[in-house]
Undergrad: 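Below you will find the structure I want to go over with you.
Positions are given from 1 along the sequence.
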Amino acid sequence: PSMNLLGMMHADMPALNDKTKWLPNQLAARCLFEPVSAAFEAAAKQGHAIAQYNIGMIYSHGEGRDENFAQAAYWLEKAAEQGHAPAQYDLATLYYEGRGVGVDEAKAAHWLNKAADAGMPAAQLEFARMLAKGEGVAKDEKRAFHYIKKAALKGNVVAQNRLARFYFFGIVVDSDLVEGAKWHLLARAGGVADMGLDTLLAKMPADQRKKAESTAGEWASRATVGIQ
């Protein structure tokens, strides 16, 4: 996720640890963000979760501060402990990849679970993947389905593709070709290609394909106006 507040304003800045030569405007940008970073860090030390998240991401990206994943993890964990879902998600990534902290799949799963329960679709998708594979948490395909569906209902197209597979192949739910085709069509419209599901869709009876297309269209229309 992009940083809150200031972070979204400088998301397109080049990384400050880039070894290429800095242009004057890039140097000016760093001069601008260093005092802002100091303000964030001061607020973070006062216990403000959003400031803790922002300074953590500043250390992670190396903008306004030298890149320091250990410091990033420190501040993200402070924010995560206060229930800040984006911090929980990004902290989980650091634990999963071992940046600034040791690789710890159990802690990655723990923080993803927190962010997923807070309603973050990206976290729901990633936690479902860990549940399905048994990474850092006991393998549980039923719980994986639960979180995949939550993310799919919020419009996450990758989750929609995975949900389609649950229904097509009857994984922890009764096989439902129409429901599977509906989610496949929605994911495909969102840019997620799946030739295997395309083949299954083509083999479905015409009436079932038509029903899937109709229900997918209805779902998309409701989602457009915020009704799911």
Undergrad: Which atoms form the tightest heavy-atom contact between A123 and A116, and what is the distance?
TA: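 Smallest interatomic distance, heavy atoms only, reads CB-N, 3.6 Å.
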
Undergrad: Which is it for Y74 and Q52 under the side-chain hydrogen bond (donor to acceptor under 3.5 Å, both in side chains) test, yes or no, and what are the steps along the way?
TA: CA-CA 9 Å; Y74 173 82; Q52 290 168 343; over 6 Å; no

Undergrad: Walk me through whether E126 and R129 qualify under salt bridge (Lys or Arg N to Asp or Glu O under 4.0 Å).
TA: CA-CA 5 Å; E126 288 303 313; R129 184 190 62 77; 3.2 Å; yes

Undergrad: M120 vs F127, test: side chain to side chain contact (heavy atoms under 4.5 Å, CB included). Steps then yes/no.
TA: CA-CA 11 Å; M120 191 173 185; F127 185 53; over 6 Å; no

Undergrad: Consider only side-chain N and O atoms of E81 and Q88, and report whether a donor and an acceptor are under 3.5 Å apart.
TA: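 Note: E81 and Q88 side chains miss the donor-acceptor criterion.
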
Undergrad: I need the L185 CG to Q160 CD distance, nearest 0.5 Å.
TA: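 If we round to the nearest 0.5 Å, L185:CG and Q160:CD are 10.5 Å apart.
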
Undergrad: Go through the structure and list residues passing side-chain hydrogen bond (donor to acceptor under 3.5 Å, both in side chains) with R165, not counting sequence neighbours.
TA: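 Here the qualifying residues are D194.
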
Undergrad: A side-chain contact here means heavy atoms from C-beta on lying under 4.5 Å apart; do L177 and Y167 qualify?
TA: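 No - every pair of side-chain heavy atoms lies 4.5 Å or more apart.
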
Undergrad: Please find the pair of heavy atoms, one from A138 and one from L131, that lie closest to each other, and give the distance.
TA: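 Shortest heavy-atom contact: O-CD2, 3.9 Å.
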
Undergrad: With a 4.5 Å limit on heavy-atom distance, are the side chains of Y147 and N113 in contact?
TA: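 With C-beta onward as the side chain, the pair touches.
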
Undergrad: Find the distance between CG (N54) and CD1 (I58) and round it off to the nearest 0.5 Å.
TA: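 Between N54 CG and I58 CD1, I get 6.0 Å after rounding to 0.5 Å.
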
Undergrad: Identify the two heavy atoms, one from L125 and one from R162, that lie closest to each other, and give their separation to 0.1 Å.
TA: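 Scanning both residues completely, I find the closest heavy atoms to be CD1-CG, 4.4 Å.
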
Undergrad: With no hydrogens and no angle check, do the side chains of H184 and D198 hold a donor and an acceptor under 3.5 Å apart?
TA: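 H184 vs D198: donor-acceptor pair found between side chains.
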
Undergrad: Shortest non-hydrogen contact from A79 to A87?
TA: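 Nearest heavy atoms, A79 then A87: CB-CB, 3.6 Å.
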
Undergrad: Between atom OG of S60 and atom CD of Q71, what is the distance when rounded to the nearest 0.5 Å?
TA: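 One finds 12.0 Å between OG of S60 and CD of Q71.
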
Undergrad: As an exercise, state the distance from CD1 of I171 to CD of E141, rounded to the nearest 0.5 Å.
TA: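 Atom-to-atom, I171:CD1 and E141:CD are 6.5 Å apart.
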
Undergrad: If I compare all heavy atoms of W183 with all of A152, which pair ends up nearest, and what's the gap?
TA: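 Of all heavy-atom pairs spanning W183 and A152, the closest is CZ3-O, 3.8 Å.
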
Undergrad: Could you tell me the separation between the CH2 atom of W111 and the OH atom of Y95, rounded to the nearest 0.5 Å?
TA: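 That separation rounds to 8.0 Å.
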
Undergrad: Between I148 and A159, what is the shortest heavy-atom contact and its length?
TA: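 Smallest heavy-atom distance, with atoms named: CG2-O, 3.5 Å.
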
Undergrad: Under the criterion side chain to side chain contact (heavy atoms under 4.5 Å, CB included), I'd like the reasoning laid out for K154 against K150: C-alpha separation, chi angles, the key distance, then a yes or no.
TA: CA-CA 7 Å; K154 290 185 177 180; K150 279 181 172 292; 5.8 Å; no

Undergrad: List the steps and the verdict of side chain to side chain contact (heavy atoms under 4.5 Å, CB included) for R209 and L201.
TA: CA-CA 7 Å; R209 287 201 308 273; L201 179 65; 4.1 Å; yes

Undergrad: For a quick check under 3.5 Å, do Q82 and Y53 share a side-chain donor-acceptor pair by atom type?
TA: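 No, because no side-chain N or O of Q82 sits under 3.5 Å from a partner of the opposite role on Y53.
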
Undergrad: Between E135 and Y96, is any pair of side-chain heavy atoms under 4.5 Å apart?
TA: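 Side chain of E135 against side chain of Y96, heavy atoms only: contact under 4.5 Å found.
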
Undergrad: Nearest 0.5 Å please: distance from the CD atom of E77 over to the NE2 atom of H84.
TA: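 Taking CD in E77 and NE2 in H84, the distance rounds to 15.0 Å.
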
Undergrad: Would a 4.5 Å heavy-atom cut-off, applied to side chains only, mark V178 and D176 as touching?
TA: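 A side-chain contact under 4.5 Å exists here.
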
Undergrad: Any heavy-atom pair between the side chains of E67 and F69 that's under 4.5 Å?
TA: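 Touching, per the 4.5 Å side-chain cut-off.
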
Undergrad: Could you state whether F169 and F166 fall into the same hydrophobic cluster, counting links through intermediate Ile, Leu, Val, Met, Phe, Trp or Tyr residues with side-chain heavy atoms under 4.5 angstrom apart?
TA: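 Yes; tracing contacts between hydrophobic side chains, which count when under 4.5 Å, links both residues.
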
Undergrad: Please examine the side chains of F40 and M57, heavy atoms only from C-beta on, and report whether any two atoms are closer than 4.5 Å.
TA: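 In short, these two side chains do not touch, never coming nearer than 4.5 Å.
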
Undergrad: Got N161 and L197 here, is their nearest side-chain heavy-atom distance under 4.5 Å?
TA: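 Side-chain contact under 4.5 Å: yes.
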
Undergrad: Quick check on the hydrophobic clustering: are V172 and F168 connected, directly or via other members, by side-chain heavy-atom contacts under 4.5 Å?
TA: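 Yes; tracing contacts between hydrophobic side chains, which count when under 4.5 Å, links both residues.
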
Undergrad: Using side-chain heavy atoms (C-beta onward) and a distance below 4.5 Å, is S214 in contact with K210?
TA: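 They are not in side-chain contact.
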
Undergrad: Step by step, work out the side chain to side chain contact (heavy atoms under 4.5 Å, CB included) result for L112 and T93.
TA: CA-CA 9 Å; L112 278 177; T93 300; 5.9 Å; no

Undergrad: With a cut-off of 6.0 Å (strictly less than), are more than 12 heavy atoms of other residues, nucleotides or ligands near CG of D207?
TA: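 More than 12 heavy atoms, drawn from other residues, nucleotides or ligands, come within 6.0 Å of this atom.
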
Undergrad: Is E179 salt-bridged to K182, going by a charged N under 4.0 Å from an acidic O?
TA: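 So E179 pairs with K182 through a salt bridge.
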
